[in-house]
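The structure under discussion appears below in the form of structure tokens.
All of these numbers come straight from a predicted model, not from anything done at the bench.
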Amino acid sequence: KNLKNRSKDKLLVASSDGVYETNEFASRRIIKGTATKLFQSRINPDKIYAALDYGIEQIDVSYNKDEIVFTPKGKLEGYNERTTSIDEDKDSSLWITTEFSGVFNIKSNARKDNKTKQNIKSPLYKITVYDTANGLPQSYSTIYPCLGKLLFISEDGIYLHNPFCSKMSGAKNVFVKINSLPFGYFTDRFIISYLMEDSKGNLWLHLKSKYDSKKFLAAAFIQKDSTYSVNINSFRPIPQMDVYAILPEKTNVTWFTGDDGLFKYDGNIKNNYYQEFHALIRKVVLENDSVIFSGNYFKEINDSNECSG
């Protein structure tokens with residue numbers, strides 16, 4: 001977003017050919033290589049991080065009058081992994097999950113001398129790596145900011161970082177598995193493959209069954225007493241697909257995109273999914289095997305031989 005002139009917003013796009021900035025009908029590549037994710041710091045919005053095939057490159061955001069300028073600042077030295085997710089904590093430290101090499105924490109090392117107020121010469125940042133020896137699961141995890149925390153979610157459940165154990169050398173419980181979250185019971189039967197918390201505190205989830213191949217969407221709407229009402233029925237018409245992104249809008253409209261396309265859910269339209277209705281059953285088939293009912297008990301109701309049954 002252009003904070004100085006909203007009519008001159010620009011869109012950054014991560015693609016298999018690099019990172020592009022787009023403006024109306026024009027585009028310009030600012031980083032070469034396969035880019036899989038973009039993350040803009042919430043604490044320092046003038047910094048954007050692009051996840052490349054192997055490594056992360058920083059992009060600085062500045063202004064030339066009222067025009068946004070994107071300036072690549074090079075790759076983060078010491079990190080050359082394939083990234084699955086990026087986020088940051090309240091101390092502006094970057095947290096990065098990878099496919100095979102665990103979780104990385106990149107913390108700024110910039111310090112100033114209290115007397116001279118000058119920068120102390122030191123590495124620009126400190127990199128710490130965590131793996132199964134620190135409490136993480138065997139399967140890779142993905143970071144989701146939710147309920148004021150950074151949740152590390154994997155096929156094995158939900159994990160939280162314990163900052164107190166991080167300060168202890170050789171600590172094994174740096175990451176702790178938890179089940180106390182409002183939606184924690186989902187992990188008994190399902191894998192949480194996507195999680196989004198909207199501005200109202202509602203939770204949007206994509207779930208995969210641990211026992212079969214079924215996938216479905218769910219929404220947990222926060223109530224006045226801080227409990228959640230879970231809605232699954234509204235999303236049953238959406239195909240069982242992998243979900244790439246969920247975008248809730250302030251207008252109660254939510255967008256879902258996946259390998260079967262783009263879908264819209266309008267929360268302003270109220271439906272009674274438990275309303276009873278009368279149906280004329282003409283045929284019942286048991287799991288594509290045999291017909292157990294094919295129409296019966298017909299009664300003629302007029303001279304034209306029209307039947308009911």
**OP:** Taking all non-hydrogen atoms of both residues into account, name the closest pair between Lys250 and Ser199 and its distance.
**Re:** CG-OG, 4.2 Å
**OP:** Over all heavy atoms of both residues, which pair between Gly55 and Thr83 is shortest? Give the atoms and the distance, please.
**Re:** O-OG1, 4.4 Å
**OP:** Could you walk me through whether Leu160 and Leu151 pass side chain to side chain contact (heavy atoms under 4.5 Å, CB included), step by step?
**Re:** CA-CA 6 Å; Leu160 272 180; Leu151 306 183; 3.6 Å; yes
Is any side-chain heavy atom of [X] less than 4.5 Å from a side-chain heavy atom of [Y]?
X	Y	result
Arg29	Asp17	yes
Pro248	Asn202	no
Pro137	Phe152	no
Leu52	Glu57	yes
Ser141	Val103	yes
Ile222	Lys200	no
Ile48	Phe70	yes

Any side-chain to backbone donor/acceptor pair from [X] onto [Y]? Under 3.5 Å, distance only.
X	Y	value
Lys270	Gly267	yes
Thr34	Ser16	yes
Glu88	Arg42	yes
Thr22	Leu11	yes
His206	Met241	yes
Gln40	Pro45	yes
Thr97	Ser85	yes

How many angstroms lie between atom [atom1] of [X] and atom [atom2] of [Y], to the nearest 0.5 angstrom?
X	Y	atom1	atom2	answer
Lys264	Glu249	NZ	CD	8.0 Å
Asp87	Trp95	CG	CH2	11.5 Å
Phe175	Thr132	CZ	OG1	12.0 Å
Tyr79	Ile56	OH	CD1	4.5 Å
Tyr228	Leu203	OH	CG	4.5 Å
Lys107	Lys126	NZ	NZ	7.5 Å

Do [X] and [Y] share a hydrophobic cluster, counting only Ile, Leu, Val, Met, Phe, Trp and Tyr and linking them when any side-chain heavy atoms are less than 4.5 Å apart?
X	Y	result
Ile43	Tyr125	no
Tyr140	Leu136	no
Tyr244	Ile86	no
Leu147	Ile246	yes
Ile30	Tyr20	no

Subject >> Members besides Ile191 in its Ile/Leu/Val/Met/Phe/Trp/Tyr cluster (side-chain heavy atoms under 4.5 Å) >> reply: none
Original post:
Which other residues belong to the hydrophobic cluster containing Leu247, where Ile, Leu, Val, Met, Phe, Trp and Tyr are joined when side-chain heavy atoms lie under 4.5 Å apart, directly or via other members?
Top reply: Val253, Trp255, Leu262
**OP:** Name the orientation class of the two ring planes belonging to Phe235 and Trp204 (parallel below 30°, tilted from 30 to 60°, perpendicular beyond 60°).
**Re:** perpendicular
**OP:** Evaluate the criterion side chain to side chain contact (heavy atoms under 4.5 Å, CB included) for residue pair Asn162 and Val174; output intermediate values, then yes/no.
**Re:** CA-CA 5 Å; Asn162 186 341; Val174 177; 5.7 Å; no
Output a table of donor-acceptor pairs, distance under 3.5 Å, between side-chain atoms of residues 207-217 and any protein atom two or more places apart or on a different chain; print 'none' if there are none.
residue, atom, partner, partner atom, Å
Lys208, NZ, Asp242, OD1, 3.2
Ser209, OG, Tyr211, N, 3.1
Ser209, OG, Asp212, N, 3.4
Ser209, OG, Asp212, OD1, 3.1
Lys210, NZ, Thr187, O, 2.6
Asp212, OD1, Lys214, N, 3.0
Lys215, NZ, Asp242, OD1, 2.9

**OP:** State whether the number of non-hydrogen atoms from other residues, nucleotides or ligands found under 6.0 Å of Gln240 atom CD is greater than 12.
**Re:** yes
Original post:
Are there more than 12 heavy atoms of other residues, nucleotides or ligands under 6.0 Å from atom CD of Glu99?
Top reply: yes
**OP:** Sequence neighbours left out, what passes side-chain contact (heavy atoms from CB on, under 4.5 Å) with Ser234? Give chain and number order.
**Re:** Asn231, Tyr265, Tyr273
Original post:
With sequence neighbours left out, which residue pairs that include part of residues 142-159 fulfil the side chain to side chain donor-acceptor pair (under 3.5 Å) condition?
Top reply: Ser139-Asp156
Original post:
Tell me, which pairs form a side chain to side chain donor-acceptor pair (under 3.5 Å) where one or both residues lie in residues 45-54, sequence neighbours left out?
Top reply: Asp53-Arg82
Subject >> Worked check of side chain to side chain contact (heavy atoms under 4.5 Å, CB included) between Ser101 and Val129 >> reply: CA-CA 8 Å; Ser101 304; Val129 185; 5.8 Å; no
Original post:
Can you check side chain to side chain contact (heavy atoms under 4.5 Å, CB included) on Ile127 and Leu76, steps first, answer last?
Top reply: CA-CA 10 Å; Ile127 298 178; Leu76 299 182; 6.0 Å; no
**OP:** State, without any angle test, whether Asp225 and Thr227 hold a side-chain donor-acceptor pair at a distance under 3.5 Å.
**Re:** yes
